[in-house]
There are 2 protein chains.
Amino acid sequence: MSTKPISTPERKRGEGVKLVYEILRDDIIDLVMPPGSPIDEIQLAERLSMSRTPIREALVRLAGEGLVTTLPNRSTVVSNIDFLNLHTFFDALTLMYRVTTRLAAEYRSTEDLAQIRAHQAAFTHAVETQDALAMISTNRAFHAAIAEAGRNPYYTGLFSRLLDEGRRILRIYYSSFDDRLPQEYVDEHNDIIAAIEAQDIAAADRLASQHADQIVNQIRRLISRDRRQQIAL
Amino acid sequence: MSTKPISTPERKRGEGVKLVYEILRDDIIDLVMPPGSPIDEIQLAERLSMSRTPIREALVRLAGEGLVTTLPNRSTVVSNIDFLNLHTFFDALTLMYRVTTRLAAEYRSTEDLAQIRAHQAAFTHAVETQDALAMISTNRAFHAAIAEAGRNPYYTGLFSRLLDEGRRILRIYYSSFDDRLPQEYVDEHNDIIAAIEAQDIAAADRLASQHADQIVNQIRRLISRDRRQQIAL
DNA sequence: TGTATTTTTCTTGTCGACAAGTTTTTTCTG
DNA sequence: CAGAAAAAACTTGTCGACAAGAAAAATACA
């Protein structure tokens, strides 16, 4: 975690919480603060030059989203990634990939398609320049845009949480990205876009399902490879 | 909302937030505080004889779950029920009914079954005594227990929110319950229990789907009937 | 009398301080 | 010197107070 103070000489009333929330959220998702990192309220308050009240409010919100864990009367820490129950994560992620893509095919507007295509362009660029970090974030934005087009807030809410959790997991292994897979992702994304544009719900469901399997399998491979390396040490 | 002060002479450190959270949550779900009700922090603080800090923390949590809406620099109010987009609610509810029941059939332990049966007994009793309010809450507990048996925290989290929202909607119409339908629900619940016990995933899925359709249709009927009455006035 | 403007009142957002626990350090004792 | 007990240092949870903004009331004006 960077400790340098952030210059916030003037802040509007009500923006403090938002600021802290977004800083912590980004730092947690990008693993700047790895799982288990303690979050010191006083330190944060000094760094952002504000009182502990807005800090605590942001922490309560983050706890509600499962990104931090509050240990009563003890420190708040960045939530751990539960590798033992990853299958529940994969299961929910796959389901949300499917239903959001289905709904997008059903309800997408022309503007939705433009948004989705813009994110896909960014993802393609990240793949071409082999920027693994950019791949992870643009991939998230691409699928979040699809979910938005589906217009079901219950799904977008859960899906966002799952995508964030997936980002954390991928960041751990981002250095060991295969450069063969990303191109496949680009192609699959394009197929999904085509199905959404054609409003072919069945195809959207099938493609999303396959895409989810690809990602799940990739994560599984990254984890097992990592485990082998650890044993080799 | 009842305004009588609650006797809380001594409270342990850290229990204040939990107390406020549960009181507000229950009052909102049971429509003691109907949608749109303003929540006055100072009034609440005086009634529970504590400062505004724990009150605000509880409100942030409730806002995270969508039960209250915070209007910046203005009052926090109980969230409205979005009747215009009820289809997104029905869609998500049906899906969660299905996946949680499927998973329960797959992973249920003997203790899970006992829990589920206990809730079903309570539901049956509520139907027999024609206690509509008890039907609503025991029905929720029954399905929540099934979801717990499926052991996917992402699903149980979303499902809980949906069940709570459904409880709010049903409470609005609780006086106009048909007395024919509840008996069907009892039978359907028993079929679902049988499928879960037999670990018949396909049957569990199918029954949950039918059950969800029943409930969705019932709510739709209650709403349209209510609308006709309003027009008749 | 009705509308615009100012003033007052009220509620929320933020702050600094203190109390209740927890962890770490120090001191005591065998 | 090792382990237990006591004390100090630190962190979190709660409080009362104040400032900023919004709603309501009062006033001015046509």
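Values reported hereafter were calculated over all heavy atoms of this structure, with side chains retained and with hydrogens, waters and symmetry mates removed.
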In whole Å, what is the span from the [atom1] atom of [X] to the [atom2] atom of [N]?
| X | N | atom1 | atom2 | result |
| --- | --- | --- | --- | --- |
| B:L48 | D:dC15 | CG | P | 11 Å |
| A:E46 | D:dT11 | CD | C1' | 13 Å |
| B:Q43 | C:dT11 | CD | P | 8 Å |
| B:I42 | D:dC18 | CD1 | C1' | 13 Å |
| A:E57 | D:dG13 | CD | C1' | 15 Å |
| A:N73 | C:dA19 | CG | C1' | 11 Å |
| A:I39 | D:dC10 | CD1 | P | 21 Å |
| B:I55 | D:dG13 | CD1 | P | 16 Å |

(message) Counting only side-chain nitrogens and oxygens, does B:R56 get under 4.0 Å of the OP1 or OP2 atom of C:dG13?
(response) yes

(message) Check the phosphate of D:dC15 against B:S51, side-chain N and O only, distance under 4.0 Å to OP1 or OP2. Yes or no?
(response)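 Result: yes.
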
(message) Closer than 4.0 angstrom, basic N to acidic O: yes or no for B:E57 and A:R56?
(response)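 Yes, B:E57 and A:R56 are salt-bridged.
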
(message) Regarding A:R168 and A:D30, does a basic nitrogen lie under 4.0 Å from an acidic carboxylate oxygen?
(response)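 Looking at A:R168 and A:D30, the cut-off is not met.
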
(request) Please tell me which of A:T53 and B:R13 maps to the more 5' nucleotide of DNA chain D, matching each residue to the nucleotide holding its nearest heavy atom. (result)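 Nearer the 5' end of the strand: B:R13.
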
At 4.0 Å (heavy atoms only), tell me whether [X] reaches a base, stays on the sugar-phosphate, or touches nothing.
| X | answer |
| --- | --- |
| A:S75 | sugar-phosphate |
| B:L59 | nothing |
| A:L71 | nothing |
| B:E41 | sugar-phosphate |

(request) State, with a plain yes or no, whether a side-chain heavy atom of B:P72 is found less than 4.5 Å away from one of A:R13. (result) no

(message) Here's a test of your reading of the structure: between A:M50 and B:T76, which maps to the more 5' nucleotide of DNA chain C?
(response)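 Per heavy-atom nearest nucleotide, the more 5' residue is B:T76.
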
(request) Look at the side chain of B:P54 and decide which nucleotide, out of D:dT14, C:dG13, D:dT11, has an atom nearest to it. (result)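 Of the options given, the side chain of B:P54 lies nearest D:dT14.
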
(request) Consider the side chain of B:R74, meaning its heavy atoms from C-beta on, and name the nucleotide among C:dA19, D:dA22, C:dT12 that approaches it most closely. (result) D:dA22

(message) Atom NE2 of residue position B:H125 - does it have more than 12 heavy atoms of other residues, nucleotides or ligands inside 6.0 Å?
(response)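 No, NE2 of B:H125 has 12 or fewer neighbouring heavy atoms, counting only those of other groups under 6.0 Å.
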
(message) Apply ring-ring contact (aromatic ring centres under 6.0 Å, His included) to residues B:H143 and B:H211 and explain how you reach the verdict.
(response) CA-CA 11 Å; B:H143 288 289; B:H211 191 59; 5.0 Å; yes

